[in-house]
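Heads up: numbering here begins at 1 and tracks the sequence. Both counts, for ligands and for their atoms, begin at 1 and track the order of listing.
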Amino acid sequence: MKIFIDTANLDEIRKANEWGIIDGVTTNPTLVAKENKDFKEIVREIIRIVDGPISVEVISTDVEGMIKEAVEMSEWSQNIVVKIPMIPEGLKAVKILNGRNVKTNITLIFSVNQALLAAKAGATYVSPFIGRLDDIGHDGMQIVRDMVNVFKLYNFKTEIIVASIRHPLHVIEAAKAGAHVATIPFNVIEKMFAHPLTDIGLERFLSDWGKVPNR
Ligand code: G3P
């Protein structure tokens with residue numbers, strides 16, 4: 001499973017990238033707004049840091065507007081993936097953008113049917129938002145498991161990015177489900193490192209090493 005970082009914060013992206021675990025980046029308008037910086041500048045810097053797919057989202061909701069934004073952003077780098085909302089106009093745009101070799105990530109997916117339609121339209125990625133489904137009392141991860149099965153059954157090339165991840169257990173479940181990608185917030189990546197037995201074990205090794213004569 002590939003690991004993307006779900007943030008527009010450059011320090012977080014730099015740190016995680018130095019750990020050697022980042023395959024790509026996903027952003028959205030909310031994450032970009034948090035940074036209070038010029039959008040293009042943020043994306044240009046991400047492109048310099050990470051050599052992998054970088055998702056950036058359109059704001060238009062009509063086909064012409066989405067295509068105009070998507071084509072412009074895709075010219076910034078061949079790693080740009082354009083995030084398009086899961087609406088009928090969005091799928092129309094995907095079909096046209098495929099013809100222009102622009103990669104797409106269909107966002108705000110909350111059901112297997114939505115993922116199926118996006119895959120049929122030829123999306124490069126679909127992003128099911130599992131945390132937001134959990135928030136309203138649905139089992140978010142179940143739709144990921146179902147999507148993985150359906151995509152396998154029919155040999156869809158579209159990759160599943162598990163998004164709206166809230167805690168490390170979501171990452172384990174995404175990996176067990178066979179998702180292609182998990183896009184993970186920085187604070188969750190940090191938690192994935194942690195284990196008390198690692199800390200205790202390291203402390204003991206270092207203190208025992210102190211007892212070795214003539215080291
Ligand atoms: O990037 C899309 C997704 O990961 C958003 O997550 O926490 O706002 O539901 P969240």
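Note on ligand 1: Thr183 sits outside its first shell, no heavy atom being nearer than 4.0 Å.
Taking a cut-off of under 4.0 Å to the non-hydrogen atoms of Lys83, the atoms of ligand 1 that pass are 1 (O), 2 (C). Counting the atoms of ligand 1 from 1 in the order shown, those under 4.0 Å from a heavy atom of Asn28 are 1 (O), 2 (C), 5 (C).
The ring-ring contact (aromatic ring centres under 6.0 Å, His included) pairs that include a residue from residues 145-171 are Phe151-Phe156, His167-His170, where partners are two or more places apart or lie in different chains.
Considering only non-hydrogen protein atoms, atom 1 (O) of ligand 1 sits nearest to Asp6 OD1, 2.9 Å. The single protein non-hydrogen atom nearest to atom 8 (O) of ligand 1 is Arg132 NH2, 2.8 Å, given as residue, atom name and distance.
Judged by distance alone, with hydrogens and angles left aside, the side-chain atoms of Lys103 form a donor-acceptor pair with the main-chain N or O of Gln78 at under 3.5 Å.
A parallel orientation is assigned to the rings of Phe186 and Trp19, their planes being inclined by less than 30° (bins at 30° and 60°).
A side chain to side chain donor-acceptor pair (under 3.5 Å) with Arg166 is found for exactly one of Asn187, Asp134, Asp135, namely Asp135.
The shortest N or O to N or O distance between Thr26 and ligand 1 is not under 3.5 Å. Considering both main-chain and side-chain atoms, Arg166 comes within under 3.5 Å of ligand 1 through a nitrogen or oxygen pair.
The residues Glu45 and Lys40 are annotated as not salt-bridged, no charged nitrogen and carboxylate oxygen being separated by less than 4.0 angstrom.
Using a 4.0 Å cut-off between heavy atoms, Glu57 makes no contact with ligand 1 at all.
Nearest to atom 6 (O) of ligand 1 by heavy-atom distance, out of Ala182, Pro185, Ser164, Ser55, is Ser164.
Counting only heavy atoms from C-beta outward, the side chains of Asn28 and Lys83 approach each other to under 4.5 Å.
With hydrogens and angles left out, the side-chain atoms of Thr26 and Ser55 include no donor and acceptor closer than 3.5 Å.
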